[in-house]
Amino acid sequence: MSIRPGAGRARLPRRPRLLLPVAIALIAIVAFFFLFAGIFTDYLWYDSVDYTSVFSGVIVTQILLFVVGAVLMVGIVGGNTLLAYRMPPMLTPERFSGGVSGADRYRMALDPHRKMIFLIGVAVLALFAGSSLAGQWKTWLEFVNAVPFGEVDVQFKEDISFFMFTLPFIRMVLNFLFTAVVLSAVMATIVHYLYGGFSLQSPGVRASRAARVHLSALLGIFVLLKAVAYWYDRYGLVFSDRGFVHGASYTDVNAVLPAKTILMFIALICAALFFAGIVRPGGMLPGVAFGLLVLSAILIGGVYPALVQQFQVKPNEQAREREFIDRNIQATRKAYGVESSEVIPYNAQGNADNANVSADTSISGVRLLDPNLVGQTYQQKQRIRGFYDFPEKLDVDRYPDPSTGTMRDTVVAVRELTGPPAEQNNWINRHLVYTHGYGFVAAPGNKVDAEGLPDFTAKDMPVTGPLVDQTKLTEPRIYFGEHPLSAEYSIVGGGREQELDYPFSTSTGAGSGQKNTTYTGKGGVPVGSFFNRMLYAAKYGEINLLLSGDITDKSKILYERDPARRIAKVAPFLSLDNNPYPAIVNGRVVWIVDAYTTSNAYPYSQSKSLDAMTRDTVTDPRLVVQQPRDQINYMRNSVKAVVDAYDGTVNLYAWEENDPILRTWTNAFPGVIKPKAEMSKELEQHLRYPEALFKVQRDVLSRYHITNADAFYSGQDFWNVPNDPSAGEVKQPPYYLSVKMPGTTQPSFSLTTTFVPRQGPNLAAFMAVNATPGADYGKLRILRMPSNTTIPGPGQVQNNFQNKFSGELNLLGLGQAKVRYGNLLTLPFAGGLVYVEPVYVEIAGGSGQEPYPILRRVLVGFGSKVGSGNTLEEALKQVFGEGTTQQPPGEDQPDTTGDQPETPDQPALSGTELAKTIEEAQAAYEKAKRALAANPPNWTEYGQAQAELDAALRKLGGALPASVATATPAPTATPAPSGTPSPSATPAPSPSPSPSPSPTS
């Protein structure tokens, strides 16, 4: 009986056998559709912002590099694998005797599937190799579009562009080839072993001539590549961190550099020995080559430089490294743009009694509103509805004073949307109705109203105020902003006015209504077609995008609405400042973002962490945009980017047009970055020196203000950025404010910071940069404090304030009130340095409202003398005397002249008068408590109570003995709630005069 082949094996029914490939095909089609949806919607987004050249340029470059990488890797590795397979095997004794070796067993198991294994292997290899090379698209574009720097390094006399653009590309190519050769050698070895090219079971290792020739050639190519790598490693020494500073050190130049050259020649000899193994049988030549290569690398490349470093450099490091420290100083200062910074010896006056304050009116416009505190105040006073929000940290810009036309510091913000209320949080409301924020809110930094609140010049909905009239704001809607809601999409512009514009009260005053609108901007991707709706439904996984009848032929979808993220997509080769700020330009609200070109390949420059240099108390821990690199040694603010808050239009303007990195990317993407000349004058008025660059430069200048190599080596004059006095072990941020530097005639809008010695709390230096576009823009000036006079640093001044005025500030923190210190500003004044710090009282504004700060005191320090007042003028008088009058040009000041706090000549009070005065103080204290406990707090009554309390304390302070007068006032403050910090009981305050209607500067 005959048995058919295959009988007894179970066979799948015909239908399941057909369903399996159909299911696989369907899965592949769905996966391809989602992939296509992601790519094509990206293209539609770039098309909506008119930057398809960036999308196509990046995509085409990545595809070409992917194909080149995949083809080369498959060609090299796959070709060597096939070559090894086709080479004749060695005739081993096992094959004559019919024995089966381990290799034979592996071969018999794999051989039936060798084609499938080979195809899967090369496919995986192509995928990884192509993806790896495609990820290096920036390196390729920089290489092919490189622009020379026009300056050469001191060691190799090569243009800086060689190190910036050419050397990274060469290293990329070498790494790719090394990987290909190593994988080829591994695969060839495996195939030769499986198919009898060599044997490990006989005594020793026996190999066929074909296998020996093949592997010797691969090893020879590897060593030849190593010789090339040694040659280019020489150039990499300019980034060495072996020495005292970054860059080629004495050991690198005098030991490692010649060692690399010698190793290159040795590698060439070893490569020749490996190639000689092709024609000469035996393993002697390859063995000698391998041993020589390893031994020379250890002795010449490792041991010799270590001996030079240990026995020549370390005992005489200062003398040996002097030349190379000088190279590092010059390169670092140039790479970070601080080579033209000016260090000015400043013989700061430390005695307030000798200061000529009448000759200096520069402090008149000092900013008292702290943008990092008053965000809560803006929130409570201008949020209007619970579904609007302001950022926690606001921004400082400049706008003209309505009465004088002079520019003054202004704290600005936009009212952004958080989304619908929780009970109405459905898909329609979230994406079709609550689509945008509304309004621009601004207040002058040097002025508050009678209650200590910002004196808004732009406010409410619709937006009103003198600033609105000046700037002719016509479009207050905020469709693109920083709020997290901007990460989501909105469907707008359907022709139906269903989008919430702003709420308003009805004409009768009862109830409320809302104003609706529809988007008419040019930004956004049309989603009227079924095809586009299907793509976005797939992108967001939302079926309502297909089913909703509210989406019409005119509808558009807005997404990627965060200004920084939009710029990052448009210009992925730039690093971005994480603090965009709003401005009114040509009647529209725009976001201004500073963009940087950075690199870590500038020869001899000190490499530092961008995150570490820019992190301080105001740094948002949530990075807005992922930076291309963290370790940098070169930085330029090359681009000013602008995003329209209404239609999302992105414009990039070249700011430092001569920056070679920017010019390189301009060659790669022509037309993406506009010339500086196309920037409007109104926009230019709102540009400012960027915070991140200034933070980096102050970090660099804390050491690199020293230009002498010997002084740099000793490090005795290194500085530190002081810690924020109110935040502990975190660096104090720089501050935007108007400053009049010595030698200048007018105050200018500047970014300022201070330095303290490496060891010690005293002030070492004050630095400011002119932040106003113009001839002096970007000029870094450092006022170095005299060595023979002690000028208090920020921490010392803060301690002086708290020690002197803690009793007075305790009285401000009545009940559930909390005292909060604002930014401690430092600025040159009257031949010295004056410190100004606003003090806020934070208290809940009523039932259900969050606490918000109100300006209640201004503290001033000059030298060791400090003052406190309800206004800046009062505090200045306490420090400098009655002759101090700081009148801003063209601005009326309230009459705040009053008695000085100390009245030592006042006659002593009798026992009855003393008891009566204490009762008056107690009554005023209780009156202030009642005013704060009201809902909402009665600030007028609170101010009157403070005036009465001040008057009683002045009488007590002047009439009691010193031991009594310095004690804490008799009234016992109501304990603060748990968790609320309260100042320690220290000597009582010098009482302030009664509060004036407006604590203005």
Side-chain angles (χ1 to χ4, degrees), residues 46 48-55 57 145 147 337 395 397-398 412 471 475 480 482 522-523 560 562-598 624-625 627-628 634-694 736 749 751 769-779:
Y46 277 98
S48 71
V49 292
D50 296 327
Y51 283 96
T52 53
S53 61
V54 175
F55 176 83
N145 296 285
V147 170
D395 295 293
D397 199 355
R398 293 95 63 218
V412 300
T471 57
E475 187 48 80
F480 297 84
E482 294 183 285
K522 65 178 182 180
E560 292 291 357
D562 183 286
R565 294 192 184 278
R566 290 178 76 79
I567 297 165
K569 284 178 71 73
V570 165
F573 45 85
L574 297 175
S575 298
L576 300 181
D577 197 298
N578 64 354
N579 185 26
Y581 61 97
I584 300 177
V585 177
N586 299 321
R588 301 172 72 93
V589 179
V590 300
W591 293 96
I592 300 175
V593 185
D594 288 286
Y596 311 100
T597 49
T598 58
V624 176
V625 177
Q627 303 295 338
Y634 176 94
M635 188 174 187
R636 290 288 186 274
N637 177 213
S638 297
V639 173
K640 299 288 187 179
V642 181
V643 177
D644 191 290
Y646 180 71
D647 62 22
T649 301
V650 179
N651 286 300
L652 307 176
Y653 297 98
W655 187 245
E656 292 195 26
E657 295 179 303
N658 293 326
D659 174 35
I661 298 182
L662 179 65
R663 291 166 58 202
T664 295
W665 285 112
T666 303
N667 289 343
F669 298 104
V672 169
I673 299 173
K674 299 178 180 179
K676 183 178 180 180
E678 293 187 17
M679 186 184 300
S680 70
K681 294 298 181 184
E682 189 170 353
L683 171 60
E684 192 170 343
Q685 289 178 358
H686 292 281
L687 301 182
R688 64 188 192 185
Y689 201 79
E691 278 186 275
L693 178 61
F694 186 75
Y736 285 106
F749 184 67
L751 194 52
V769 63
N770 191 326
T772 307
D776 212 25
Y777 173 86
K779 179 67 175 178

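In what follows, residues are counted from 1 in the order of the sequence shown.
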I'd like to check the side chain to side chain contact (heavy atoms under 4.5 Å, CB included) partners of T471; sequence neighbours left out, ordered by chain and number. Y399, L467, L473, I584
Under the salt bridge (Lys or Arg N to Asp or Glu O under 4.0 Å) definition, can you give me all pairs with a residue in residues 642-652, not counting sequence neighbours? R588-D644, R588-D647
For the OG1 atom of T772 and the CG atom of L751, what is their distance to the nearest 0.5 Å? 11.0 Å
Show the nearest heavy-atom pair for residues V769 and Y689, with the distance to one decimal. CG1-CD2, 3.6 Å
Which of V650, D50, V54 passes side chain to side chain contact (heavy atoms under 4.5 Å, CB included) with V672? Answer is V54
Evaluate the side-chain proximity of N637 to D577: yes if any heavy-atom separation is below 4.5 Å, no if none is. no
Treating R566 as the side-chain partner and V643 as the backbone partner, does any N or O pair qualify as donor plus acceptor under 3.5 Å? no
Quick one: side chain to side chain donor-acceptor pair (under 3.5 Å) partners of R688, sequence neighbours excluded? Y736
Tell me, please, which residues at least two apart from W665 pass ring pair (Phe, Tyr, Trp, His ring centres under 6.0 Å). F573
Evaluate the side-chain proximity of L687 to M679: yes if any heavy-atom separation is below 4.5 Å, no if none is. yes
For F669 and G57, which heavy atoms make the closest approach, and how far apart are they? CE2-CA, 4.1 Å
Can you find a pair of side-chain heavy atoms, one from W655 and one from S638, that are under 4.5 Å apart? no
How would you list, by chain and number, every residue that makes a side chain to side chain contact (heavy atoms under 4.5 Å, CB included) with N586, sequence neighbours excluded? S680, E682
Apply salt bridge (charged side-chain N to carboxylate O under 4.0 Å, His left out) to D594 and list each qualifying residue two or more places apart in sequence or on a separate chain. K640
Residues in ring pair (Phe, Tyr, Trp, His ring centres under 6.0 Å) contact with F694, at least two apart in sequence or another chain: none
Can you name the salt bridge (charged side-chain N to carboxylate O under 4.0 Å, His left out) partners of E475, sequence neighbours left out? R477
Return the minimal non-hydrogen interatomic distance between P690 and Y596, and the atom names on each side. CB-OH, 3.0 Å
A quick test of your reading: do over 12 heavy atoms of other residues, nucleotides or ligands sit less than 6.0 Å from CG of N658? no
Rounded distance (nearest 0.5 Å) linking atom CG of D397 with atom CD of Q685: 10.0 Å
Under the side chain to side chain donor-acceptor pair (under 3.5 Å) rule, collect the residues that match up with D776, sequence neighbours excluded. R781
I need the minimum non-hydrogen distance between P580 and E482, along with the two atoms involved. CD-OE2, 3.2 Å
To check you understand the geometry: which heavy-atom pair defines the closest contact between G648 and V49, and what is its length? O-CG1, 4.4 Å
May I have all residue pairs that pass salt bridge (Lys or Arg N to Asp or Glu O under 4.0 Å) and include part of residues 653-676, sequence neighbours excluded? R636-E656
All heavy atoms of T598 vs all of I661, minimum pair found to be O-CD1, 4.3 Å
Under the ring pair (Phe, Tyr, Trp, His ring centres under 6.0 Å) test, residues paired with Y51 that sit two or more places apart: none
Across all chains, not counting sequence neighbours, the ring pair (Phe, Tyr, Trp, His ring centres under 6.0 Å) partners of Y46 are F55
